[in-house]
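Reading through the structure tokens given below for one structure.
Reminder, nothing fancy here: chain letters follow the sequence lines and each chain counts from 1. Because the structure is a prediction, the values reported are computed rather than measured.
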Amino acid sequence: MAKNITPRDKDYSQWYQDIIKEAGLAEHSPVRGCMVIKPTGYAIWENMKSALDEMFKDTGHQNAYFPLFIPKSFLSKEANHVEGFAKECAVVTHSRLISTENGVDVDPDSRLEEELIVRPTSETIIWDTYRNWIQSYRDLPILVNQWANVVRWEMRTRLFLRTMEFLWQEGHTAHATEEEAVAETRQMLEVYRTFAEDFMAMPVITGVKTESERFAGAVETYCIEALMQDGKALQAGTSHFLGQNFAKAFDCTFQDKDGKVKHVWATSWGVSTRLIGGLIMTHSDDNGLVIPPKIAPVQAVIVPVYRKDEEREVVFEYARVLMQELKSEGIRVRFDDREQFKPGWKFAQHEVEGIPVRLTVGPRDVQNEKVEFVRRDKGEKKLLDRAEVTQHVVVQLAQMQTDLLDAARARMKQNTREANDYDSFKQILDEHGGFVYAHWDGTSETEARIKEETKATIRCIPLSSGPEGAGVCMISGKPSTKKVLFARAY
RNA sequence: CGGGAUGUAGCGCAGUCCGGUUAGCGCACACGCCUGGGGGGCGUGGGGUCGCAGGUUCAAAUCCUGUCAUCCCGACCA
């Protein structure tokens, strides 16, 4: 039905790229692995951003901004951190260009005394800064977030899911006690879970990462894991308890109430534009993008239908009054009065773009005081009395929001299975993909072997969901207190 | 970074194997008329250094070398 969109069952990866292109979310830049986020894609990000930002403020955080460039020496201070990021850093070595016959070249005389690293994440520069902000327990906690871009030199990239430069937010907090820092880590994980479910309509499993999947430099990494339509998992957000690792590396101490000098306890947490990829792969269909109303840049579009100029006039008037009425209810509405496109073309295009609600008005409707209503996720047309339109739209936008979450939850449930031995584990992965709960002995050797043999990784050790009960590891037969969550992942 | 594929108008493609008029088609775009409740019709137009750089040749989209980018599969990662 939709031109230019490859059906999911034919080629899921191609479908994903087609959606991004046809819905006008982003495109490739001339530089490998980077993307241009187009206005529609950026509007989605802005909506996500403002919802999250409000949640951060509500939990006591403030925004600040730290620089893009980090002195090379900073990266070497926390051993695990260095090791984790060393292989994917962009390095600035020179500060000038000179004109040549063929254009420009790097001026060899402009070599920097200390090279600069384009931040892959900001822990180091932030902790170097916090050291100066903190002297006493009275200076704590520091609850700061920043919205920024970061660069990680990736081998293989995919629009939104993994790009060399991406947009994100990174929260960095400093606390006087371990308990407080852990509570902060858990609190922000909960913020992410709430955001994913309430705004993105994307159900997630919360849990703890294993040592091998842990953030470089963290003591514990918590995460939200989502399940995409093709049965692959997506890490959608992380919240790290950093212990005193960075405080020690950057000599960040405070004098406590008891007069003793102690190292500060830290957290960091982030979500990125990767979430947009998750959003696409959670709800969209073969006709194009489907996005929850709370995140949709345009929530309702009005399409006029007319033949003659007289009809055009009355239909436009009817539509404009309706638009104002919807606007006054706080609905993001667009009146598609473009002359160059036919109604049928507009219908198809709005579906590709994922506008949640479409209202069609023609001469017949003006005559009969009706409006045609269609919801993007349902597709059925419904003729409404003019008087009930606005209320209906308000109700249906809210309903669509919960319907999308319910549908995604049902799909997650349907694609979550338990394996009690390694053979059935492999069989489930090959036949269905999805989430698989299984017993694991807790060793990284076993984890590595499973990954090697099946491509599945431990997504997390679930916090509150999933099957309870002890058993034995499907590989080693050693005791396991609880099943952990496996999947092949993006 | 290894293996494979691709790059020709804004988009999708043919032409490349086997070099030879003015590089073609569909959609989109501009203009006109008919149209308009699910991607309309007819007509007339505009738009290309064939990814880029070298080379072979009387002659290169086509052959050779290099390079950049994209996609898929691996290794690495949010």
Side-chain angles (χ1 to χ4, degrees), chain A residues 1-6 11-18 21-22 24 27-35 83-89 102 120-121 150-170 192 209 212-216 221 223-226 233-240 268-278 287-288 303-309 311-312 315 338-352 358-368 370-372 374 379 381 383 451-452 455 457 459 489-490:
Chain A
M1 183 161 169
K3 287 182 192 170
N4 308 327
I5 296 178
T6 306
D11 184 344
Y12 194 81
S13 178
Q14 188 60 48
W15 167 83
Y16 175 76
Q17 291 171 75
D18 290 345
K21 186 186 184 95
E22 297 301 317
E27 60 191 40
H28 290 284
S29 80
V31 180
R32 183 181 71 81
C34 294
M35 66 176 166
E83 207 180 314
F85 287 102
K87 283 168 288 181
E88 47 185 24
C89 286
N102 303 322
T121 178
V150 287
V151 169
R152 295 180 189 178
W153 211 264
E154 298 288 349
M155 292 289 106
R156 196 172 162 190
T157 59
R158 308 186 78 186
L159 290 174
F160 291 116
L161 294 176
R162 175 166 293 108
T163 48
M164 293 220 303
E165 179 191 12
F166 56 92
L167 305 183
W168 77 345
Q169 57 69 214
E170 45 180 327
Y192 288 155
K209 286 291 188 189
S212 71
E213 299 275 331
R214 195 180 289 157
F215 173 73
T221 287
C223 63
I224 54 172
E225 291 285 327
L234 182 77
Q235 178 172 307
T238 48
S239 183
H240 314 289
S268 70
W269 28 275
V271 297
S272 72
T273 37
R274 170 179 250 203
L275 279 177
I276 297 174
N287 291 326
V303 179
V305 179
Y306 53 90
R307 291 194 185 89
K308 306 171 185 98
D309 278 353
E311 284 181 353
R312 180 181 182 278
V315 166
R338 292 175 295 177
E339 303 274 5
Q340 69 267 41
F341 300 116
K342 302 266 149 41
W345 188 92
K346 290 178 181 175
F347 296 164
Q349 188 57 30
H350 297 146
E351 272 159 25
V352 169
R358 184 184 82 224
L359 300 168
T360 310
V361 294
R364 282 208 304 267
D365 307 308
V366 176
Q367 187 75 42
N368 305 327
K370 300 280 184 185
V371 170
E372 187 188 271
V374 182
K381 293 174 181 174
L383 206 54
K451 183 178 178 183
E452 167 96 26
K455 306 292 172 210
T457 50
R459 301 318 302 156
Y490 277 98

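In the set B:C76, B:G74, B:G36, B:C76 carries the atom at the smallest distance from any side-chain atom of A:Glu154. Candidate nucleotides B:G40, B:A75, B:G37 were compared by shortest atom distance to the side chain of A:Lys455, and B:A75 ranks first. Side-chain atoms of A:Lys342 lie closest to B:G40 of the nucleotides B:G40, B:G39, B:G37. Counting only heavy atoms from C-beta on, A:Val305 has its side chain closest to B:G37 among B:C29, B:C72, B:G37. Of the candidate nucleotides B:G38, B:U70, B:G36, B:U70 has the atom lying nearest to any side-chain atom of A:Arg32. Of the candidates B:A69, B:G38, B:C72, the closest approach to any side-chain atom of A:Phe347 belongs to B:G38. Among the nucleotides B:C1, B:G36, B:C72, the one closest to the side chain of A:Met155 is B:C1. In the set B:G38, B:C72, B:G39, the nucleotide with an atom closest to the side chain of A:Arg156 is B:C72. Among the nucleotides B:C72, B:A69, B:G38, the one closest to any side-chain atom of A:Arg358 is B:G38.
Nucleotides B:G46 and B:C31 are separated by 15 Å at their P atoms, to the nearest Å. The gap from the C1' atom of B:A14 to that of B:G48 amounts to 15 Å, rounded to the nearest Å. B:U16 sits 13 Å from B:U21 when the P atoms are compared, rounded to a whole Å. Here the separation of B:C73 from B:A30, taken at their P atoms, is 39 Å to the nearest Å. B:A61 sits 14 Å from B:A9 when the P atoms are compared, rounded to a whole Å. Taking atom P on both B:U62 and B:G15, the two are 15 Å apart, rounded to the nearest angstrom. Rounded to whole Å, the separation between the P atoms of B:G36 and B:G24 comes to 36 Å. Nucleotides B:C63 and B:G19 have their P atoms positioned 9 Å apart, rounded to a whole Å.
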Test side chain to side chain contact (heavy atoms under 4.5 Å, CB included) applied to A:His28 and A:Lys21, step by step = CA-CA 10 Å; A:His28 290 284; A:Lys21 186 186 184 95; over 6 Å; no

Would you sort out whether A:Val150 and A:Glu170 count as a side chain to side chain contact (heavy atoms under 4.5 Å, CB included), showing the intermediate values?
-> CA-CA 10 Å; A:Val150 287; A:Glu170 45 180 327; 4.2 Å; yes

Yes or no on side chain to side chain contact (heavy atoms under 4.5 Å, CB included) for A:Glu213 and A:Arg459, after CA distance, side-chain angles and deciding distance?
-> CA-CA 8 Å; A:Glu213 299 275 331; A:Arg459 301 318 302 156; 4.0 Å; yes

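Among the atoms of the strands shown, only primed sugar atoms or phosphate atoms (P, OP1, OP2) are found under 4.0 Å from some heavy atom of A:Gly33. No engagement by A:Gln14 is indicated, since no non-hydrogen atom pair under 4.0 Å with the nucleic acid exists. Within the nucleic acid shown, A:Leu161 comes within 4.0 Å of at least one base atom, counting heavy atoms only. Contact annotation for A:Pro363: base contact, defined as any heavy-atom pair under 4.0 Å involving a base atom.
For the pair A:Arg307 and B:G36, the criterion of a side-chain N or O lying under 4.0 Å from OP1 or OP2 is met. Between B:G12 and A:Lys21, a contact under 4.0 Å exists linking OP1 or OP2 to a side-chain N or O. Contact between the side-chain N/O atoms of A:His28 and the OP1/OP2 oxygens of B:C71 is found at a separation under 4.0 Å. Not one side-chain nitrogen or oxygen of A:Lys308 sits closer than 4.0 Å to the OP1 or OP2 atom of B:C34.
For A:Glu372, the salt bridge (Lys or Arg N to Asp or Glu O under 4.0 Å) criterion is met by A:Arg358, not counting sequence neighbours.
Of the two residues contacting RNA chain B, namely A:Ser13 and A:Val361, the nearest-nucleotide position lying further toward the 5' end is that of A:Val361. The nearest heavy atom of RNA chain B to A:Gln340 and to A:Glu22 marks one nucleotide each, and the one closer to the 5' end goes with A:Glu22.
Of the listed residues (A:Val305, A:Val371, A:Leu359, A:Leu383), just one forms a side-chain contact (heavy atoms from CB on, under 4.5 Å) with A:Asp365, and that residue is A:Leu383.
Between A:His240 and A:Phe215, the two ring planes are parallel [angle under 30°; tilted spans 30° to 60°].
The number of heavy atoms from other shown groups lying within 6.0 Å of CH2 (A:Trp345) is above 12.
Donor-acceptor pairing under 3.5 Å, judged by distance alone, is absent between the side chain of A:Glu311 and the base of B:G36. Residue side chain A:Lys381 reaches the base of B:G38 through a donor-acceptor N/O pair under 3.5 Å, judged by distance alone.
A:Asn4 places its CG atom 16 Å from the P atom of B:G10, with the value rounded to the nearest Å.
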